[in-house]
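Please read these numbers as outputs of a predicted model, since none were measured by experiment. Proteins come first, then strands; the chains are lettered A, B, ... in the order of their sequence lines, and each starts at number 1.
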Amino acid sequence: AQKVTQAQTEISVVEKEDVTLDCVYETRDTTYYLFWYKQPPSGELVFLIRRNSFDEQNEISGRYSWNFQKSTSSFNFTITASQVVDSAVYFCALLSSNSGYALNFGKGTSLLVTP
Amino acid sequence: EAGVVQSPRYKIIEKKQPVAFWCNPISGHNTLYWYLQNLGQGPELLIRYENEEAVDDSQLPKDRFSAERLKGVDSTLKIQPAELGDSAVYLCASSSPRGNTGELFFGEGSRLTVL
């Protein structure tokens, strides 16, 4: 079975704080892809990152960083020095052959960054 | 380059009425998706097209939902008759011909309210 769990429903931080969004996944496939998407209030989901199951290197892009750990089936997302514009709902997603190559999204974490 | 365009953005109808949503994908994207997003949930795939062929419609409730992509470009999603539980956001997405990479480009969605 394919499953993505985002245990944090809502997070509220003050600007410039660091924040980590958790993602835990389940799959029986050995080859799979993990994603993070951002959904701002406008409603349009925006692709942030894709990692494949064979690449556990952490990645940093500006204030964003991702920690992929197969041992704990986790793909966590950290925003450093958060800004008000980071306020959005963030979705973790899983794609594999068992899902028919359809993105399987978690329920999302709503992040509110206040000034 | 224009993004994925959806219309209408908002639609309010009474139950048992029909409704249709339209999507124009990014030019050159041969894969088109319709997703359903309920409040507080992640998107769920309804149907996926490769050009004009529906390659995955297993989650589409075929008793009342239908979709078409006649010329492999624009697509229409129809609900007839609508029920109260259909109130949700209907998202269209497209992806490039580079394969099942999971990098989808989403429209802003069509928010349906059924009274």
Side-chain angles (χ1 to χ4, degrees), chain A residues 2-11 21-25 27 29 31-55 61 66 75 88-112, chain B residues 2-11 21 23-26 29-50 53-60 88-112:
Chain A
Q2 312 282 317
K3 187 177 180 181
V4 176
T5 301
Q6 295 180 255
Q8 304 150 309
T9 305
E10 295 181 355
I11 300 176
L21 310 181
D22 298 333
C23 173
V24 174
Y25 64 92
T27 180
D29 286 334
T31 302
Y32 52 89
Y33 299 85
L34 295 163
F35 303 80
W36 277 94
Y37 276 81
K38 175 182 180 180
Q39 188 174 39
S42 62
E44 180 180 345
L45 281 98
V46 177
F47 167 85
L48 295 178
I49 189 172
R50 174 184 62 245
R51 304 298 285 175
N52 74 56
S53 52
F54 298 107
D55 183 1
S61 176
W66 292 269
F75 186 44
V89 180
Y90 291 86
F91 291 96
C92 182
L94 170 68
L95 182 148
S96 71
S97 60
N98 267 345
S99 68
Y101 290 106
L103 279 172
N104 187 350
F105 287 89
K107 293 187 176 182
T109 296
S110 178
L111 174 66
L112 177 64
Chain B
V4 176
V5 179
Q6 291 188 244
S7 68
R9 285 295 313 276
Y10 304 93
K11 188 74 176 178
F21 305 112
C23 173
N24 181 246
I26 291 173
H29 283 192
N30 64 332
T31 307
L32 183 145
Y33 313 75
W34 282 102
Y35 278 84
L36 163 70
Q37 186 175 22
N38 286 305
L39 187 65
Q41 303 292 318
E44 300 172 23
L45 181 69
L46 289 173
I47 188 168
R48 174 166 66 101
Y49 282 94
E50 296 286 348
E53 180 182 359
V55 295
D56 184 357
D57 63 356
S58 57
Q59 301 304 311
L60 188 72
V89 177
Y90 293 84
L91 294 165
C92 180
S94 67
S95 64
S96 75
R98 289 179 294 167
N100 295 311
T101 63
E103 183 176 351
L104 275 57
F105 295 82
F106 283 83
E108 293 181 317
S110 294
R111 182 177 297 276
L112 173 66

With chain A, the option among B:Q37, B:Q6, B:R9, B:E44 that has the most non-hydrogen atom pairs under 4.5 Å is B:Q37

At a heavy-atom separation under 4.5 Å, does B:L104 approach chain A through its side chain, its backbone, both, or neither? both

Given A:L45, A:L103, A:N104, the one that forms side-chain contact (heavy atoms from CB on, under 4.5 Å) with B:P43: A:L45

Can you confirm whether A:R51 is buried at CZ, in the sense that more than 12 heavy atoms of other residues, nucleotides or ligands lie under 6.0 Å from that atom? yes

Please check if atom NZ in A:K38 has more than 12 non-hydrogen atoms from other residues, nucleotides or ligands closer than 6.0 Å. yes

In this structure, CD1 of A:I49 is separated from CD of B:E103 (nearest 0.5 Å) by 11.0 Å

Interatomic distance, CD@B:Q41 vs CZ@A:F91, rounded to 0.5 Å, equals 8.5 Å

Considering only heavy atoms, which portion of A:Q39 lies under 4.5 Å from any heavy atom of chain B: side chain, backbone, both, or neither? side chain

